[in-house]
Amino acid sequence: MTESKEWPLWEIFIRGQHGMSHRHVGSLHAPDAERAIKNARDVYTRRNEGTSIWVVEASSITASSPSDKGPLYEPSRDKVYRHPSFYDIPDDAGNM
Amino acid sequence: MYSQMVKSTGKAVPTLAELSPEDRAFQKRIDRGEKIEPKEYMPDAYRKNLIRQIGQHAHSEIVGQLPEGNWITRAPTLERKANLLAKVQDEAGHGLYLYCAAETLGVSRDELYQMLHDGQMKYSSIFNYPTLTWADMGAVGWLVDGAAIMNQVPLQRTSYGPYARAMVRICKEESFHQRQGFHIMIAMAKNGTPEQFRMAQDALNRFWYPSLMMFGPSDKDSVHSAQSMAWKIKMNTNDELRQKFVDETAPQAEFLGLTIPDEKLKWNEATGHYDFSEPDWNEFYDVLNGNGPCNTERLDTRKKAWADGAWVREGMMAHAEKKALKAAKAG
């Protein structure tokens, strides 16, 4: 048997019933985008989970590197004033 | 279980002080309950162990389709046929979720298949037993899927993110598998003819001990458990899960009016558990080493499906490349 080329890997994103954003559900192999959508239907929506499917070839995704965790997310950690609970409003001001 | 006898380091679990600084930080993350994600640091042994475990789990799902696929064309009613088809299709899906999780560790799908086909990687011993009558579809769903669920539910909390997420999907889908099996057993053992009752009892007789073997060897003989548990890629010991399975299954057999083929099986008031006989571990090792009733047939079927499908995989890839080329020229 000749060594055949492996089908590329696709990352699959599905939007569920309730108006939420597309969400990453997993990946699969397919020869092209069209087939990836058909395979995603069979693999990831057997129980009516989706109303829309996005497929992206895995090699096209650029991801942040785990070692960047510090520099990327540290700056927001000390900005507690971005959360509503930072601001103390007296109870008698009413519901806010 | 679906991954029995996964070899880990085979050594005692090192203490935190014995680990390198990187490995110590890694172990502390696991101890804190953090999830490890694909691109993050992990010790080589953790990666290798997970590839073996997830690969074996995936292979079990795929090979596990064969004993049931055997009965799709012979299901007694159209409804039972549709149920069984849906279950077997789920198993294909579960295999795919797990292969994808394994691939995030840097092994390719083709490599995983290759290792299954040349015997370097195993699948669960349970699928090397034949399914002789329709009652076996009941027993497989009830006992085999029941045992699998018992192992898979805690694995939803496993330390490797992609594996844990695959297990969440699988567990959500799998409870129907066990219920459809039990439903078949009810129809045959409680509501069926005397002949159907005998078939149900016979299926239980043949599948009981192989189901107990699914949890792997006794803890005292399981040399690889401690490291896997420290890494949280195994959440319970083999004996814990086996006991839990017996405790849940014995009353279900009683409900069906069937007799578990074990004279020693008895409720023990003092321990709060059932006492039961261990399976024949020599048989277990024998089946694992390729000498079960269906090992050759199962593996040959997989190899043939892979070889026979080669022209389809190649043809579809060639077509996709041609279309892409045409689109590039037109653009």
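Order of the sequence lines fixes the chain letters, A, B, ..., with proteins taken first and strands second; residue numbering starts at 1 for each chain.
- Most heavy-atom pairs under 4.5 Å with chain A, from the set Gly93(B), Ala324(B), Cys100(B): that is Cys100(B).
- In terms of non-hydrogen atom pairs under 4.5 Å with chain A, the most contact-rich of His94(B), His319(B), Glu173(B) is Glu173(B).
- Leu19(B) approaches Arg24(B) most closely through the heavy-atom pair O-NH2, 2.9 Å.
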Stepwise salt bridge (Lys or Arg N to Asp or Glu O under 4.0 Å) check, Lys304(B) with Asp300(B): CA-CA 6 Å; Lys304(B) 185 174 182 314; Asp300(B) 284 352; over 6 Å; no
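- Taken to the nearest 0.5 Å, the CE atom of Met167(B) stands 7.0 Å off from the CG atom of Asn151(B).
- In plain terms, the two heavy atoms of Asn83(B) and Phe176(B) that are nearest each other are O-CZ, 4.0 Å.
- Of the listed residues (Arg109(B), Glu321(B), Lys323(B), Gln89(B)), the greatest number of heavy-atom pairs within a distance under 4.5 Å of chain A belongs to Arg109(B).
- Looking at His29(A) and Tyr99(B), their side chains never bring a donor and an acceptor atom within 3.5 Å of each other.
- Counting heavy-atom pairs under 4.5 Å between each of Ala33(A), Pro31(A), Ser27(A), Ser65(A) and chain B puts Pro31(A) at the top.
- Ring orientation note: the planes of Tyr113(B) and His117(B) are close to parallel, at an angle under 30° on the 30°/60° scale.
- Proximity to chain A is absent for every atom of Thr104(B), based on heavy atoms less than 4.5 angstrom apart.
- Residues Leu155(B) and Gln53(B) have side chains in contact (heavy-atom distance under 4.5 Å, counting atoms from C-beta outward).
- For Arg165(B), no part sits under 4.5 Å from any heavy atom of chain A, backbone or side chain.
- For the pairing with Lys87(B), the side-chain hydrogen bond (donor to acceptor under 3.5 Å, both in side chains) check across Gln65(B), Glu174(B), Glu68(B) returns one residue only, Glu68(B).
- Interface residue Glu103(B): only side-chain heavy atoms are found under 4.5 Å from chain A.
- Among the residues in residues 44-59 of chain A, those with a non-hydrogen atom closer than 4.5 angstrom to a non-hydrogen atom of chain B are Tyr44(A), Arg46(A), Arg47(A), Glu49(A).
- Note that the CG atom of Leu112(B) and the CD1 atom of Ile62(B) stand 11.0 Å from one another [nearest 0.5 Å].
- With a 4.5 angstrom heavy-atom cutoff, Glu37(B) does not touch chain A via any of its atoms.
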